[in-house]
Amino acid sequence: MKDEENGGGAGDDAAAAASLPGTLSPSCSSLAPLRLGVLGSGKGSNFRAIADAIAAGGLAAETRIVISDVEGAGILTLARERGLRAEFVAPGRFKTKLEPEAEERVVALLRAADVELVVLAGYMRMIKPPLLEAFPRRIVNIHPSLLPAFPGLEAWAQALAAGVAETGCTVHYVDAGMDTGEIIAQRRVPILPGDTPATLHARIQVEEHGLYPAVISRLART
Ligand code: GRF
């Protein structure tokens, strides 16, 4: 099942773009690629899907920088393999957020790279005011559930434990809460008999890899 919803309802790409809640700067030319800054903590399969869509000509964007709070993160390796700038920023003493100085460093790197849209792709820390205020309504995230259901960690396991018939993935704007920002688009994934956390997460990720590039593409055209 691949129901894609866009705030006010489903439609073709043009209609979906028109219905997206919020737009990027009016100064963004529809001809210029959207300049992305990607933040991730893990293996980076969503980043790979975005990079592949750009390389295939299906997404009018360019990745200006990839930043991770995890020095050995796969997402940094994927970026370097593609010749992209990849930076590790030491997170500091907290587990769920960056040290304020570290977040200021992230903001400085994104600004120096002239980033227009910050794309969270498996980034495992809360976003705090320095970054939120530097990129108001310019930060998006992908979450492995049909928000507002199952925010937080291992949302696929939460869905299995709750016994629901379907779950999915959501792209949303980022605010100060945990997975609470305005929803941009979702795709549904049925929960099948015999699903384990691993099989369910794998099927959700297949949908993520289609949804995230599609949403960024629409944002690039608004
Ligand atoms: C994805 O399931 C995403 O929804 C969540 O973190 C995971 C990241 O996976 N936010 P990857 O690093 O993109 O493979």
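If you're wondering where the values come from, they're calculated on a predicted model, not measured in any experiment. For ligands, and for the atoms within them, numbers begin at 1 and follow the listed sequence.
By the 6.0 Å contact criterion, CE on M124 is open, its count of non-hydrogen atoms from other residues, nucleotides or ligands being 12 or less.
Each of K43, G44, S45, N46, G122, I142, H143, P144, H201, Q205, E208 has a non-hydrogen atom positioned under 4.0 Å from some atom of ligand 1.
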Would V140 and Y173 satisfy side chain to side chain contact (heavy atoms under 4.5 Å, CB included), going step by step from the backbone distance to the final call?
CA-CA 4 Å; V140 292; Y173 288 107; 4.0 Å; yes
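A pairwise comparison of heavy atoms in T63 and L84 identifies O-CD2, 3.6 Å as the closest pair.
Salt-bridge formation is not detected for the pair K128/E103: no Lys NZ or Arg NE/NH1/NH2 atom is positioned less than 4.0 Å from an Asp or Glu carboxylate oxygen.
Pairs of residues two or more places apart, or lying in two chains, that qualify as side-chain hydrogen bond (donor to acceptor under 3.5 Å, both in side chains) and include a residue from residues 90-102 are R93-E99.
Taking OH from Y212 and CD from Q205, the interatomic distance works out to 12.5 Å, rounded to the nearest 0.5 Å.
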